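Worksheet: one structure, shown below.
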Amino acid sequence: MGWQSYPFLVTPEELRTAFEPFKLVISNACVPIDYTDTPVGEFIENYSALYKRLISGEVLSGKNRGLLGHIAITSNLSEVKFGREHELDGKMVKAVIHDKSISPMPYLAPFTFMTYCESNKLYVSTRASYLAYPEFIFGYEINFRKFSQSDADYYGISSEKEFKTYPDYQLFKRNITKITKPLSFNQDGIVKKTSIRISDEVKIHLPKFYCIKSKGIEIL
C-alpha cells in the first residue's frame, strides 16, 4: 500500500475555509466512548500554535510533538464507524474501524522539507519523518491511499478512486489549490519548482523558516 500526498502551508484562517465541507475525526488513536468528531476550531487552535512557531523561525524539537496533530476528514460522518471498545486508564474508549468493508478517510499530517544534491542535481524530499526531524517541518499534507495490485485484489476494486471517500481527497486538494501556488526557490544557483503549495501570505514568512534559512535558500 502506497500513499498519494499533497503538501501545503496556508494560514490558519485559510485552512479553516478549506475545512468548510468537512468534519474532522481522530482516526489513529483511541477516543472517549462518547466521541463523534473533533471541532474544526480545536484543530485550528493546534495548527495555529504550530504555524506561529514556524513563521517565527523557531527550531522545533521533541518538546513540540503535542502540536503535531494527525486528523482525518470526511464529508459524511455517518460513514465513519467506531469499534474496539475497551477500558484504558480506568475509562472506556473506542477507535475508528479500519477494514476492507469501510472506505479509508483522507488524513492530514505534518511533512518535512529537505534538499540534497546527487549527481550534480538538486532534489527536494518531503518524506522524512516529522517526528524524527521536527526541525525540518514545513507544513501539512493531505494523504490518501494509492493502490498496488495486491491492494486491488484485497479490496476487490481496481483503483483507490473507487472508494466513496476519494472525492473528499480531491475536494480538499481543490480547496487548497484555489488559494495557493507552487513553491519555487533558488539554492546555490539552481532554481527548483516544487509540488508544495503555499499561499501568498505564507510566502512572506518563508525566509525565516529554519528549514529554509539553514540551507541558504532564496524563495522565488
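Side chains are part of it too, since the values below use all heavy atoms of this structure and drop only hydrogens, waters and symmetry mates. None of the values given here were measured: they were computed from a predicted structure.
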Please collect all side chain to side chain donor-acceptor pair (under 3.5 Å) contacts where either partner lies in residues 103-114, sequence neighbours excluded, each pair once.
none
Tell me whether Lys192 forms a cation-pi arrangement with Phe185, defined as NZ or CZ under 6.0 Å from the six-membered ring centre and within 45 degrees of its axis.
no
If two hydrophobic side chains count as joined below 4.5 Å and joins carry through other members, does Met92 share a cluster with Phe82?
no
Backbone of Thr11 reached by a side-chain donor or acceptor of Glu14 within 3.5 Å
yes
Any chance you could measure Lys121, atom NZ, to Cys117, atom SG, to the nearest 0.5 Å?
12.0 Å
I'd like to check Phe22 versus Asp168 (side-chain heavy atoms, cut-off strictly below 4.5 Å). Are they in contact?
yes
Is there side-chain contact between Ser27 and His98, with at least one heavy-atom pair below 4.5 Å?
yes
Taking Ser199 for its side chain and Ile179 for its backbone only, find out whether a donor-acceptor pair lies under 3.5 Å.
no
Is a donor from one side chain sitting under 3.5 angstrom from an acceptor on the other, for Thr177 and Tyr6?
yes
May I ask you to check whether Tyr154 and Phe147 place their ring centers less than 6.0 Å from one another?
no
Kindly compute the distance separating CD (Glu141) from CG (Leu108), expressed to the nearest 0.5 Å.
8.5 Å
Run the salt bridge (charged side-chain N to carboxylate O under 4.0 Å, His left out) test against Asp153 and tell me which residues pass, sequence neighbours left out.
none
Where the side chain of Lys23 meets the backbone of Val40, is there a donor-acceptor pair that is under 3.5 Å apart?
no
Working to the nearest 0.5 angstrom, can you tell me the gap between Ser159 OG and Lys146 NZ?
10.0 Å
Pairing residues for Ile204 by the side-chain contact (heavy atoms from CB on, under 4.5 Å) criterion, not counting sequence neighbours
none
Please tell me whether Ile26 and Ile142 are part of a single hydrophobic cluster in this structure, the criterion being side-chain heavy atoms less than 4.5 Å apart.
yes
Could you check whether any side-chain N or O of His86 sits under 3.5 Å from a backbone N or O of Arg84, counting only pairs where one atom can act as donor and the other as acceptor?
yes
Evaluate Tyr155 against Phe163 for ring pair (Phe, Tyr, Trp, His ring centres under 6.0 Å), listing each step before the verdict.
CA-CA 10 Å; Tyr155 282 97; Phe163 280 131; 5.1 Å; yes
Does atom CD of Glu45 have more than 12 heavy-atom neighbours from other groups under 6.0 Å away?
no
Check: residues 209-220 side-chain donor-acceptor pairs under 3.5 Å, at least two apart:
| residue | atom | partner | partner atom | Å |
| --- | --- | --- | --- | --- |
| Ser214 | OG | Tyr210 | O | 2.7 |
| Lys215 | NZ | Thr115 | O | 3.1 |

Distance under 6.0 Å and angle within 45° of the ring axis: does Lys161 meet both against Phe144?
no
Leu24 vs Ile71 side-chain heavy atoms within contact, under 4.5 Å:
yes
Is it the case that atom CD in Glu162 sees more than 12 heavy atoms from other parts of the structure closer than 6.0 Å?
yes
Any link between Val59 and Leu206 through a network of hydrophobic side chains (Ile, Leu, Val, Met, Phe, Trp, Tyr) touching at under 4.5 Å?
no
Less than 4.5 Å apart, any side-chain heavy atom of Pro7 and any of Ser195?
yes
What distance do Leu50 atom CG and Leu9 atom CG have between them, rounded to the nearest 0.5 Å?
8.5 Å
Lys/Arg N to Asp/Glu carboxylate O, Asp200 vs Lys181, below 4.0 Å:
yes
Locate the shortest heavy-atom distance separating Pro39 from Asp37; write the atom from each residue and the value.
CD-O, 3.8 Å
Without placing hydrogens or testing angles, list every side-chain donor-acceptor pair under 3.5 Å for residues 129-138, not counting sequence neighbours.
| residue | atom | partner | partner atom | Å |
| --- | --- | --- | --- | --- |
| Ser129 | OG | Leu131 | N | 3.2 |
| Ser129 | OG | Ala132 | N | 3.1 |

Please report the C-alpha distance between Val31 and Lys94 in whole Å, then the side-chain angles of each, then the deciding distance to 0.1 Å, and finally whether the side-chain contact (heavy atoms from CB on, under 4.5 Å) criterion is met.
CA-CA 6 Å; Val31 294; Lys94 61 185 179 181; 3.8 Å; yes
When hydrophobic residues are tied together by side-chain contacts of less than 4.5 Å, even through go-betweens, does Met114 share a cluster with Leu54?
no
Is the closest side-chain heavy-atom distance between Ser56 and His205 below 4.5 Å?
no
Using only atom types and a distance under 3.5 Å, with no angle test, would you say the side chain of Thr194 pairs donor to acceptor with the backbone of Leu183?
yes
From CZ (Arg53) to CG (Leu67), nearest 0.5 Å:
5.0 Å
Can you label the angle between the Phe43 ring and the Phe19 ring as parallel, tilted or perpendicular, going by 30° and 60°?
perpendicular
Please report the interatomic distance CG(Leu68) to CG(Asn46), rounded to the nearest 0.5 Å.
8.0 Å
Does Tyr166 use its side chain to pair, donor to acceptor, with the backbone of Met105 at less than 3.5 Å?
no
Scan side-chain atoms only and decide if Glu13 and Thr17 contain a donor-acceptor pair under the 3.5 Å cut-off.
no
Applying ring-ring contact (aromatic ring centres under 6.0 Å, His included), can you list everything that pairs with Tyr47, at least two apart in sequence or on another chain?
Tyr140
Would Ser78 and Asn76 satisfy side-chain hydrogen bond (donor to acceptor under 3.5 Å, both in side chains), going step by step from the backbone distance to the final call?
CA-CA 5 Å; Ser78 66; Asn76 186 356; 2.5 Å; yes
When hydrophobic residues are tied together by side-chain contacts of less than 4.5 Å, even through go-betweens, does Val93 share a cluster with Val80?
no
